Amino acid sequence: MTAAARLVLANVWVAVVAFALGALMAVMQALARAGIELPFGTARLYYLSVTAHGVLEALVFTTFFIMALGYLVTETTLGRIAGMQWAWAGFWIALVGTLMTTLAILSGTSTVLYTFYPPLEAHPTFYVGATLLIIGSWLWSAVMIGSFRAWRAGHPGERVPLALHGMLATVAVWILATAGLAVEVLVFILPWSFGLVDRIDPIVARTYFWWFGHPLTYFWLLPAYVLWYTVIPKVAGGKLFSDGLTRVVFVQFILFSTPVGLHHQFSDPGIAGGWKLLHTFTTYAIMFPSLVTAFTVIASLENAGRAQGGTGLFGWLRVLPWRDPFFAGVALSMVTFALGGFGGAINAAYAMNAMVHNTAWIQGHFHLTVGTAVALTFMGSTYWMLPRLTGRAIAFPRLATMQPYLWFVGMQCFSIPSHIAGLMGMPRRVYTGEFQGVEAAQAWIPLVNLSAVGGVILFVSAMCYVGVVVGSMLVSPVTAREPFEYAEAMPSSTPASPLWDRFGLWTAVAVLLIALAYGPPLYHLHTMTRFPSQGFSPF
Amino acid sequence: MHVDRYERYWMWAAIGMLVLFTGAIVITAVTGAAHPPSHTEVIDPETLTVAGEFATPGVTTHEDGRVTVSLRAEFYVFRPEHVRVPAGVPVTFRITSPDVLHGFQIVGTNVNLTVAPGYVSQATTTFDTPGEYLVVCNEYCGLGHHLMQGAIVVEPGR
């Protein structure tokens with residue numbers, strides 16, 4: 001195995017173990033919420049498991065998997081990862097951080113959920129571990145940029161390979177996003193957690209958190225888009241519809257991912273409505289590249305279907321490789337993301353948000369987006385990646401074929417009732433939705449039970465995935481190793497201006513947009529009279 | 001860069017849709033005063049239970065019939081837990097917290113507030129339909145989060 005393959009696989013291993021643990025937490029929650037008597041069914045364990053599920057899936061599984069994808073794309077497009085030792089240093093730092101945070105959560109001293117809103121106060125280990133995870137990911141970012149610059153020095157004027165273009169956009173989004181998190185954690189939370197200062201302002205902390213929290217979702221989504229654009233057309237037997245527009249789409253994510261976070265704080269006091277309205281506009285702007293993605297990727301798939309003899313208005317769909325779990329996973333991800341995207345337009349709607357804010361609708365929403373569009377794409381890509389890295393065939397191919405469909409069914413079963421219950425007023429993140437049997441709460445109980453069925457189906461699918469991955473890594477015989485191949489662009493696709501490959505320039509413009517969108521409300525928050533709060537650990 | 005004709009149509013349609021969405025939001029914000037709660041009043045969370053509006057929370061009826069309801073959201077209870085207000089008049093809810101973040105959501109309405117220590121959250125609504133409304137906390141606040149529950153009894157207007 002090559003050095004790069006070892007690095008990629010190490011990151012995939014951590015991602016998959018975190019995913020499996022997180023899935024275990026999730027099925028317990030689904031069953032507990034449905035009122036099934038469990039020996040461990042206490043509020044304490046419930047909220048602990050919600051914290052663990054959120055951290056392990058949303059922060060650990062995603063970050064490690066994206067680091068793996070980044071290294072994979074760098075190696076396969078540029079032929080070289082520059083600074084291997086830094087890549088490994090990043091891996092170990094992130095892993096140590098993950099272990100610290102996970103142990104802090106499992107010890108019951110840090111039940112603050114993955115959003116860790118002060119003045120809820122976790123054990124310092126929780127924050128230090130999370131910081132190390134982010135520092136590890138910054139080393140990943142540095143290695144990605146360093147590899148690109150080293151390649152650029154030897155290839156002046158050459159176009160950036162498209163898949164790498166998307167991963168570099170991911171790196172840019174991640175750096176812009178984590179700047180906000182760094183302020184929240186390093187300036188406010190760590191000094192307070194270590195007792196150097198007594199108090200912390202919850203609204204200031206939340207504002208920096210959501211500076212990070214929304215572009216975080218594009219940090220998850222962009223690598224999935226990279227796979228949709230640059231690999232899936234090839235898997236389906238076709239070509240990419242437009243290379244140029246794809247670059248424009250990736251750059252738009254650098255620009256508009258970050259100055260949008262206040263749409264998570266519509267119901268917050270302390271922030272004037274005008275700034276919330278501005279962030280509504282930028283949030284609608286960031287929907288545009290996703291709408292373009294829908295056209296370009298589906299047009300590429302149509303091209304693939306027609307290349308294989310599919311005819312008629314929809315006949316090309318039938319001939320696509322529905323038994324290939326990577327293709328099926330991505331196709332189902334796209335369908336699911338269309339639903340989740342429209343839900344997102346409602347979340348971002350300035351005044352309508354009040355109908356859904358912090359209700360079960362929200363958990364339904366992000367399980368369609370990050371929980372399916374991103375996670376199912378990543379799971380599918382594992383089936384594509386592993387044999388090409390190790391030379392081993394996929395173990396239990398039937399399980400692998402079935403797994404994305406199970407996930408899709410389970411997730412619809414979980415998310416659609418969650419959306420409806422949310423519209424009926426059911427809050428999210430509650431141990432039980434019973435509320436002493438009052439009439440309003442009675443109405444959402446059947447929906448919660450249906451969600452629990454979805455949760456069990458999802459768990460079965462998750463275990464199929466873990467079984468196939470572990471089997472493929474350890475048990476399968478070594479056969480021929482297929483090459484990694486990316487989709488070519490269609491001949492009609494002319495290149496975009498080289499301007500769209502200027503990452504430094506676009507990142508600088510993004511910084512300006514962030515300054516405009518966040519400068520005034522943050523200045524106002526920091527200069528107004530405030531009464532910061534002491535910490536509480538009610539768990 | 002060549003962009004396919006149909007993709008160009010699609011992009012214009014996407015822009016049209018987004019302009020429609022944002023236009024609707026701006027129009028309802030300007031003409032219908034449909035805004036999210038964005039009150040910017042501050043308060044000391046460590047003294048609010050000692051004296052002042054939130055030391056004795058409850059319902060105040062003004063001379064013109066408008067009603068103000070002051071509440072505290074604190075570890076696992078809303079104070080007061082039960083509130084009686086008349087239908088058909090504007091009711092302003094003012095709420096704050098002496099401890100961590102809470103939520104204040106009146107189920108079946110669009111009153112949905114984040115409650116933060118150090119800040120006063122505020123929303124005004126008019127209940128058209130008499131009856132009992134469930135109030136829940138929708139921001140995780142600790143192990144008793146799911147126990148936070150209140151009721152607003154809306155009585156037929158005079």
Side-chain angles (χ1 to χ4, degrees), chain A residues 43-44 47 113 117 119-120 201-203 242 244-245 266-273 276-277 280-281 284 287-288 291-292 295-296 299 345 349-351 353-355 357-359 425 427-432 435-436 438 440-441 492-497 528-533 536 538-539, chain B residues 1-4 6-7 10-11 14-15 17-18 21-22 25-26 28-29 34-46 75 99-101 103 105-108 110-123 132-134 136-146 149 151:
Chain A
R44 187 161 191 271
Y47 292 115
L113 307 194
Y117 295 137
L120 283 178
D201 190 288
I203 297 295
S242 174
L245 265 187
F266 281 142
S267 67
D268 280 17
I271 299 167
K276 295 177 179 176
L277 187 60
T280 302
F281 297 151
Y284 282 99
M287 288 173 204
F288 181 70
L291 289 162
V292 176
F295 188 99
T296 307
Y350 184 60
N353 171 271
M355 293 306 296
H357 175 74
N358 268 357
T359 66
R428 68 190 275 209
R429 295 169 153 179
V430 282
Y431 170 49
T432 151
F435 292 94
Q436 300 180 20
V438 300
S492 63
S493 158
T494 54
S497 153
M528 70 194 263
T529 309
R530 287 179 288 114
F531 295 95
S533 173
F536 295 88
F539 37 78
Chain B
M1 174 178 57
H2 164 80
V3 178
D4 178 79
Y6 290 108
E7 184 146 31
W10 170 266
M11 284 157 71
I15 291 172
M17 183 181 76
L18 297 175
F21 285 176
T22 44
I25 287 168
V26 171
T28 51
H35 295 281
S38 301
H39 198 57
T40 55
E41 186 181 339
V42 293
I43 190 165
D44 187 341
E46 280 160 36
F75 281 134
D99 43 59
V100 298
L101 294 178
Q105 181 191 349
I106 306 177
V107 172
N110 64 354
V111 176
N112 192 340
L113 300 170
T114 301
V115 186
Y119 297 82
V120 179
S121 300
Q122 186 171 303
E132 186 170 324
Y133 290 75
L134 170 65
V136 296
C137 171
N138 63 16
E139 189 73 84
Y140 168 72
C141 54
L143 298 189
H145 170 46
H146 54 285
Q149 176 175 354

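For clarity, every value in this text was computed on a predicted model and none was experimentally measured. Per chain, numbering begins at 1; letters A, B, ... match sequence-line order.
Both the backbone and the side chain of A:F539 come within contact range of chain B, each with at least one heavy atom under 4.5 Å from a heavy atom of that chain. Heavy atoms of A:V438 lying under 4.5 Å from chain B belong exclusively to its side chain. For a residue to count as touching a neighbouring chain, one of its non-hydrogen atoms must lie under 4.5 Å from one of that chain's; by this rule B:Y6 touches chain A with backbone and side chain alike. If you measure heavy-atom distances from A:I271 to chain B, the contacts under 4.5 Å come from the backbone alone. The part of B:L134 that comes within reach of chain A is its side chain, from C-beta onward, which places non-hydrogen atoms under 4.5 angstrom from that chain. In this structure, chain B has no heavy atom under 4.5 Å from any part of A:S497. Contact of B:V3 with chain A is made through the side chain alone, with heavy-atom distances under 4.5 Å.
By the side chain to side chain contact (heavy atoms under 4.5 Å, CB included) test, B:V26 pairs with A:F281, B:V30, sequence neighbours left out.
Closest non-hydrogen pair, B:P117 versus A:P202, comes out as O-CG, 3.6 Å.
Most heavy-atom pairs under 4.5 Å with chain B, from the set A:G270, A:A351, A:A345: that is A:G270. Listed options B:E132, B:M17, B:H2 were ranked by heavy-atom pairs under 4.5 angstrom with chain A; first place goes to B:H2. When each of B:V42, B:V115, B:L143 is checked for heavy-atom pairs under 4.5 Å with chain A, B:L143 comes out on top. Taking B:E41, B:H39, B:M11 one by one and counting their heavy-atom pairs under 4.5 Å with chain A, the maximum is reached by B:M11. Among A:A272, A:P532, A:A354, the residue with the largest count of heavy-atom pairs under 4.5 Å with chain B is A:A354.
In the model, A:S267 has no side-chain atom that pairs as donor or acceptor with a side-chain atom of B:N112 under 3.5 Å. For the 3.5 Å distance criterion, the side chains of B:Y140 and B:H146 fail to qualify, holding no donor opposite an acceptor. Under 3.5 Å, the side chains of B:E7 and A:S242 contain no donor-acceptor pair of N or O atoms.
Listed for the B:H35 side chain is a donor-acceptor partner under 3.5 Å among the backbone atoms of B:A29.
Between A:Y284 and B:F21, the ring planes lie perpendicular to each other; the angle is over 60°, past the 30° to 60° tilted range.
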